[in-house]
Amino acid sequence: MSTQTAPTAEMVRRLNLALAWEIRAQALYYHYAAYVKGIHRLHLKPYFEAEGAESVVHANAVREQIVKLGGTATTDRDATEIVQTTDYKLMLREALKTEVQAAKGYGEFLELPGLDSELHDAIEQIYFQEERSVEELSQLMDA
């Protein structure tokens, strides 16, 4: 029987959803870094690699919060398909969808009642970084 309170169990559930999305983002970004072609490779390969590395950092931070709450962190990635493509525009659209989903999940998490200041601050920092990524990708798509 779980010793977690209902609000804590919901926090862990939501954090695990975010963690699964970060694990998926790692796969997506490193995959696209390997497959981007042509002149766009010069700036998109490093961009995708940096976003993949950021997803690793986010996953680690979320995992730590799950453990602090007494939960069990998932090792599975979100099942949303990663589109196989060499079309950089499609890569950017898929990356934007990923960042929008991540930002939405973190934003909704921050609205949960009962967050202590440390947990709130940790997730808020990730949320702000996801929002920055949404803005960057939107600008890249407009370029």
Side-chain angles (χ1 to χ4, degrees), residues 1-37 40-41 43-143:
M1 184 166 168
S2 174
T3 59
Q4 292 179 339
T5 64
T8 301
E10 179 62 12
M11 288 178 202
V12 169
R13 186 186 76 75
R14 297 272 190 106
L15 287 173
N16 267 316
L17 291 173
L19 177 56
W21 203 254
E22 292 294 353
I23 294 168
R24 179 190 174 275
Q26 292 168 39
L28 175 129
Y29 282 120
Y30 288 124
H31 185 78
Y32 286 169
Y35 278 92
V36 67
K37 303 285 185 206
H40 302 289
R41 181 175 178 81
H43 67 279
L44 289 180
K45 180 178 176 23
Y47 177 79
F48 289 147
E49 288 173 340
E51 288 296 314
E54 183 176 274
S55 293
V56 170
V57 171
H58 290 174
N60 287 338
V62 170
R63 198 175 287 112
E64 287 176 11
Q65 295 304 318
I66 292 169
V67 171
K68 285 180 184 177
L69 289 169
T72 301
T74 188
T75 58
D76 298 325
R77 75 171 179 89
D78 183 89
T80 303
E81 177 188 12
I82 295 174
V83 176
Q84 173 63 44
T85 185
T86 57
D87 178 344
Y88 81 95
K89 290 180 182 179
L90 182 54
M91 289 177 182
L92 290 172
R93 279 194 301 273
E94 290 299 310
L96 180 59
K97 283 194 244 180
T98 297
E99 297 299 336
V100 166
Q101 179 63 34
K104 179 181 176 215
Y106 288 120
E108 290 172 355
F109 180 84
L110 291 170
E111 294 173 2
L112 290 175
L115 300 180
D116 67 33
S117 61
E118 181 183 338
L119 175 57
H120 185 277
D121 290 349
I123 300 305
E124 186 177 55
Q125 290 303 313
I126 297 171
Y127 171 71
F128 290 148
Q129 291 169 356
E130 298 295 350
E131 286 290 325
R132 176 197 43 82
S133 293
V134 167
E135 182 63 30
E136 286 177 352
L137 281 161
S138 296
Q139 290 175 0
L140 282 171
M141 290 180 64
D142 289 341

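Residue numbers count from 1 along this sequence.
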Notebook entry, point to check: For Y35, does the OH atom sit with more than 12 other heavy atoms under 6.0 Å from it, leaving out its own atoms?
Noted result: no

Next item on the list: Check whether the side chains of T80 and R24 place a donor and an acceptor atom closer than 3.5 Å, and report yes or no.
Entry: no

Notebook entry, point to check: Does one side chain, of Q125 or Q129, offer a donor that lies under 3.5 Å from an acceptor on the other?
Noted result: no

Check: Salt bridge between K104 and E130, side-chain N to carboxylate O under 4.0 Å?
Finding: no

Margin query: What I want to find out is whether E10 reaches R14 closely enough, with some N-O distance under 4.0 Å, to be called a salt bridge.
Written below: yes

Where is the tightest heavy-atom contact between [X] and [Y], given as atom of each residue plus distance?
X   : Y    : result
L96 : S138 : CD1-OG, 3.9 Å
V83 : Y32  : O-OH, 2.7 Å
D76 : I23  : O-CD1, 3.8 Å
T74 : A20  : CG2-N, 4.0 Å

Check: H40 vs H43 aromatic rings, parallel, tilted or perpendicular, using cut-offs 30° and 60°?
Finding: perpendicular

Without swapping roles, check the side chain of [X] against the backbone of [Y] for a donor-acceptor pair under 3.5 Å.
X   : Y    : value
W21 : Q101 : no
N16 : T72  : yes
Y47 : R41  : no

Check: What's the verdict on side chain to side chain contact (heavy atoms under 4.5 Å, CB included) for N60 and E22, showing C-alpha distance, side-chain angles and the deciding distance?
Finding: CA-CA 9 Å; N60 287 338; E22 292 294 353; over 6 Å; no

Next item on the list: Show your working on salt bridge (charged side-chain N to carboxylate O under 4.0 Å, His left out) between R132 and E54 and close with a plain yes or no.
Entry: CA-CA 12 Å; R132 176 197 43 82; E54 183 176 274; 2.4 Å; yes

Notebook entry, point to check: Does any non-hydrogen side-chain atom of M91 lie less than 4.5 Å from one of L44?
Noted result: no

